[in-house]
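Quick notes on the structure that follows.
We're numbering straight along the sequence, starting at 1.
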Amino acid sequence: MKNIAILGSTGSIGTQTLQVIEANPERFRVEVLTANNQVELLARQAKQFKPNMVVIGNEEKLGELRDLLRDEDIKVYGGSDAIAQVVRTSTIDVVVTAMVGYSGLLPTINAIKAGKTIALANKETLVVAGDLINRLVEEYKVAILPVDSEHSAIFQCLVGEHNNPIEKILLTASGGPFRGKDHEYLRTVTAAQALKHPNWHMGAKVTIDSASMMNKGFEAIEAKWLFGVEPSRIEVLVHPQSVVHSMVQFQDGNVKAQLGVPDMRLPIQYALTYPERVHSDIPRLDFSVCSNLTFEKPDIKTFRNLGLAYEAMNRGGNAPCVLNAANEVMVAAFLRGEISFTAMSDVIEKTLDKVSFIGQPTLEDYIATDREGRRIAEQLKIENAKLKMK
């Protein structure tokens, strides 16, 4: 029986993780649940799964959560510091990091230092501070098991390969809702349009990242740190059917691919049960209806965020941290209707050039970089709005 902590239990990955746990009650027990704002859903989850502790990130909602759980024997806490500290609880075996964005960094670091196995769904942790995370993983001898479907696919392709060198990682992308569109079309798209992903059901932030292809850029950076591969050996391929989740090419020319239906419960369950494969009732892939599998190169000129991610990855140091900070600010602004879809890339590029570069950042440097990146991105967003008004 594994005791599971889910950071971000009310989001898309968090709720699907709970579905996996519910389907395997003999294998898993929920020890900790955390959320940022969705207090009512968090309370319902707590009543169903009876964790030892729950944490609401927004302290203003702590009183409401306590009222909702007043008849339950559950410890209730509030605030981001509580989320960062609760992962140290001795009874936790696996921490599922399903929080969105930079907020997942410090809890993940604390969980590693506490010796917990990490089921990593928060790609921004490695985007922001991959070098630091890898050093901590080595120091504290913990395992990071990828939950993203693409990185789970690569991980599964590498099982049994031991020290066989990777020649290339082929990272597949659906292309999102705007595949094949040009820059002129993208200038006027709305958040509602961008949130209509053709294959996957995800949270708003990740869905916008997918539409802009920043998500794939983040995944390339994540792959670099997870699998020790240089950027030049990570290739993105647009695969609209989302059946091949990623591939690995080896030095002898052979290529391994992992295929499955586009259902995040599959990589979640694999991360939680590894190295076992246990039965699930998730639908099976029907090859008779997926005979048309296509692959194409991404349009980096139109979807500039993918190119910017590679640029940040090649720069190294704190550049990917800047990239993430600016992107988080821009996605939030786009969802509020404050900036256009294409202007997001303009601001991110300028922010990368304006924030001070640090070649070998410490944790304190990453924290300062994130703060500076957000400040500059906000300023550039305001300047962008003023230019539009002229």
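- Within 6.0 Å of NZ in Lys2 there are more than 12 heavy atoms belonging to other residues, nucleotides or ligands.
- Residue Met213 is tested with Leu306, Ile300, Thr302 for a side chain to side chain contact (heavy atoms under 4.5 Å, CB included); the sole match is Leu306.
- Cation-pi contact between Lys181 and Phe178: absent, since separation from the ring centre below 6.0 Å together with deviation from the ring axis within 45° is not met.
- Residues Lys301 and Asp299 are not paired through a salt bridge, judged by the lack of any N-O separation under 4.0 Å between the basic side chain and the carboxylate.
- Lys123 and Glu222 are not joined by a salt bridge, as no carboxylate oxygen comes within less than 4.0 angstrom of a charged side-chain nitrogen.
- Between the side chains of Glu167 and Gln251, no donor-acceptor pair of N or O atoms lies under 3.5 Å.
- Remark: Arg29 engages Glu31 in a salt bridge, criterion side-chain N to carboxylate O under 4.0 Å.
- Between Glu372 and Lys354 there is no salt bridge, since no side-chain N of the basic residue sits under 4.0 Å from a carboxylate O of the acidic one.
- A salt bridge links Glu184 with Arg187: the distance from a Lys NZ or Arg NE/NH1/NH2 to an Asp or Glu carboxylate oxygen falls below 4.0 Å.
- Between Glu349 and Arg304 there is a salt bridge, with a side-chain nitrogen of the basic residue lying less than 4.0 Å from a carboxylate oxygen of the acidic one.
- Looking at Ser291, its side chain never comes within 3.5 Å of a backbone N or O of Ser288 through a donor-acceptor pair.
- Distance alone, capped at 3.5 Å, is enough to place a donor-acceptor pair between the Thr273 side chain and the Gln269 backbone.
- A salt bridge links Lys216 and Glu219; the closest N-O separation between the charged side-chain nitrogens and carboxylate oxygens is under 4.0 Å.
- Applying the 6.0 Å contact sphere to CD of Glu230 captures no more than 12 heavy atoms from other residues, nucleotides or ligands.
- Ring-plane geometry between Phe227 and His151 is classed as parallel, the angle between the planes falling under 30 degrees on a 0 to 90 degree scale with a further cut at 60.
- Looking at Arg135 and Asp131, a side-chain N of the basic residue comes within less than 4.0 Å of a carboxylate O on the acidic one, giving a salt bridge.
- Residues Ser345 and Asn305 come closest through the heavy atom pair OG-OD1, 2.8 Å.
- The 12-atom threshold is not exceeded at CG of Asp73, counting heavy atoms of other residues, nucleotides or ligands nearer than 6.0 Å.
- Side-chain atoms of Asn164 come within 3.5 Å of backbone atoms of Glu161 as a donor-acceptor pair (strictly under, hydrogens ignored).
- With respect to the salt-bridge test (charged N to carboxylate O, under 4.0 angstrom), the residues Glu311 and Arg315 qualify.
- Ion pair Glu139/Lys113 not flagged as a salt bridge, since none of the NZ, NE, NH1 or NH2 atoms sits closer than 4.0 Å to an Asp/Glu carboxylate oxygen.
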